[in-house]
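A, B, ... follow the sequence lines: proteins, then strands. Residue 1 opens every chain. As a basis for the values below, the full set of heavy atoms in this structure was taken, side chains included, without hydrogen atoms, waters or symmetry mates. Keep in mind that what you see is a predicted model, and the values were worked out from it rather than measured.
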2 protein chains.
Amino acid sequence: MKPVQHDMPAPLLQVEEDFIALWRGMSSLWGISPTMAEIHGLLFITGAALSMDDIMARLRISRGNVSMNLSKLVEWGLVKRVHKRGDRREYYESLTDVWEMFTLVAAQRKRREIDPIVTTLRQCRERLSPESLGAEASRPEAEAQRRRVQDLLSFLTLVDSLAQRFFESQRGLRTAVDLLAQEKE
Amino acid sequence: MKPVQHDMPAPLLQVEEDFIALWRGMSSLWGISPTMAEIHGLLFITGAALSMDDIMARLRISRGNVSMNLSKLVEWGLVKRVHKRGDRREYYESLTDVWEMFTLVAAQRKRREIDPIVTTLRQCRERLSPESLGAEASRPEAEAQRRRVQDLLSFLTLVDSLAQRFFESQRGLRTAVDLLAQEKE
DNA sequence: GATAACTTTCAGGTCTTCCTGAAGAGGATG
DNA sequence: CATCCTCTTCAGGAAGACCTGAAAGTTATC
């Protein structure tokens, strides 16, 4: 992989390489494409605003590939477009605040996983209710199935609300800390 | 999909179908194969111990496919082998306790995602330390990169330990509740 | 208005994952 | 010991995800 900056110490470049490879390795577990993960990894670990040419050169991938995957990262809010005056090229940079970043990841995960599951489970529960099933609702199999659906639903809504409270509370805490830091200046 | 029990009310079968389809849909987000998700979904929602033939028939997939994916589910601990006396076939059933199930899922996620990331980030941090870099360590780029790595590391170790405490506390809580319930009987 | 610079979209190719159907392995039965 | 039952493993094919390289689109410059 061709480095962007030739004067960068080798260890820093190696760390970048390792991080990008790590992120790419996680892509299949995160339900995203390898390239999407690589681009994000590159932008996060360098902390720089890079153009599409920069990303192409560094990751050795085609312009089309960069374009499609960058668009997704921007859509997720993990990457922002940055304009440099006098330069027609778009530059892209990652969020640097880890909390903000993972808040977005959690929101995306909720959108893609939790919400569809909860929606379908509620529909299933509805279909298994006495109102829907009538007398059959008291059959042991129906009761057992309803309980399984309900257990799963309860668990997921609990985890979901805890996660939301977690991110909300961290945000509040960090805002307070930031304000205190500013007052001391 | 051919039902296992012909006398089951249609709504129950429909709920099973919907749940299995939901689980399959989540497979790419969970980094598992569609079949692995389907089998787990089938075993969980039916609550029954099914043989490989049962699973093959219900999901309309090959024996080899069932075998490979069932093995993985057993390895994860999400599915258990059940022996029925006088029957040579192996039967498989899902964990029914949602907490236990997700504790295992969390453990698997830790093993596949968190641990490798933390390991690599620690190595990166080590490589960026003054002990490794010498005078170059005080370069602004090196300090910035070290901070990014450290921020990510801090965040992930916090989330990891909170998740572990969460599952541990729930386990303790539920054990206490179960004991109380038994004493009342 | 033509040209250039830059990004997006597309059609087709590549590669990886996943599955099938058959062979192989192991163990029970007669 | 042969046969059968059941599960595992394998080689190859299928399907889908992903990528490329080029065409198309957009906008700025001259």
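Between R81(A) and E93(A), none of the side-chain N atoms (NZ, or NE/NH1/NH2) sits under 4.0 Å from a carboxylate O, so this pair counts as no salt bridge. Note on E168(B) versus R165(B): no salt bridge recorded, every NZ/NE/NH1/NH2 to OD/OE distance being 4.0 Å or above.
Listed candidates were dT20(D), dT8(C), dT6(D). Nearest to the side chain of R89(B) is dT6(D).
Atom CD of E90(A) is separated from atom C1' of dT26(D) by 12 Å (rounded to the nearest Å). Between the CD1 atom of I61(B) and the P atom of dA15(D) there is a distance of 16 Å, given to the nearest Å. At whole-Å resolution of the value, CG in L70(A) and C1' in dT9(C) are 15 Å apart. If you take CZ of R81(A) and P of dT27(D), they are 13 Å apart, rounded to a whole angstrom. Whole-Å rounding puts the R63(B) CZ to dA22(C) P distance at 12 Å. We find that NE2 of H83(A) is positioned 15 Å from C1' of dT7(C), with the value rounded to whole Å. Distance L73(A) CG to dT7(C) P: 16 Å, rounded to the nearest Å. Taking atom CD1 on I55(B) and atom P on dC19(C), their separation rounds to 14 Å, with Å as the unit.
Residues S67(A) and R24(B) both approach DNA chain C. Their nearest nucleotides, taken by heavy-atom distance, put S67(A) toward the 5′ side. For M68(B) and P34(A), each mapped to the nucleotide of DNA chain D holding its nearest heavy atom, the one lying further toward the 5' end belongs to M68(B). In terms of position along DNA chain D, the nucleotide closest to S33(A) lies nearer the 5' end than the nucleotide closest to the other residue of the pair R88(A) and S33(A).
When heavy atoms are screened at a 4.0 angstrom cut-off, N69(B) is found touching the sugar-phosphate backbone but no base atom.
The distance between the ring centers of W30(A) and W23(A) falls below 6.0 angstrom. Between F44(B) and F19(B), the distance from one ring center to the other falls under 6.0 angstrom.
The side chain of N65(A) contributes no N or O atom lying less than 4.0 Å from OP1 or OP2 of dG21(D).
A perpendicular orientation is assigned to the rings of W99(A) and F167(A), their planes being inclined by more than 60° (bins at 30° and 60°).
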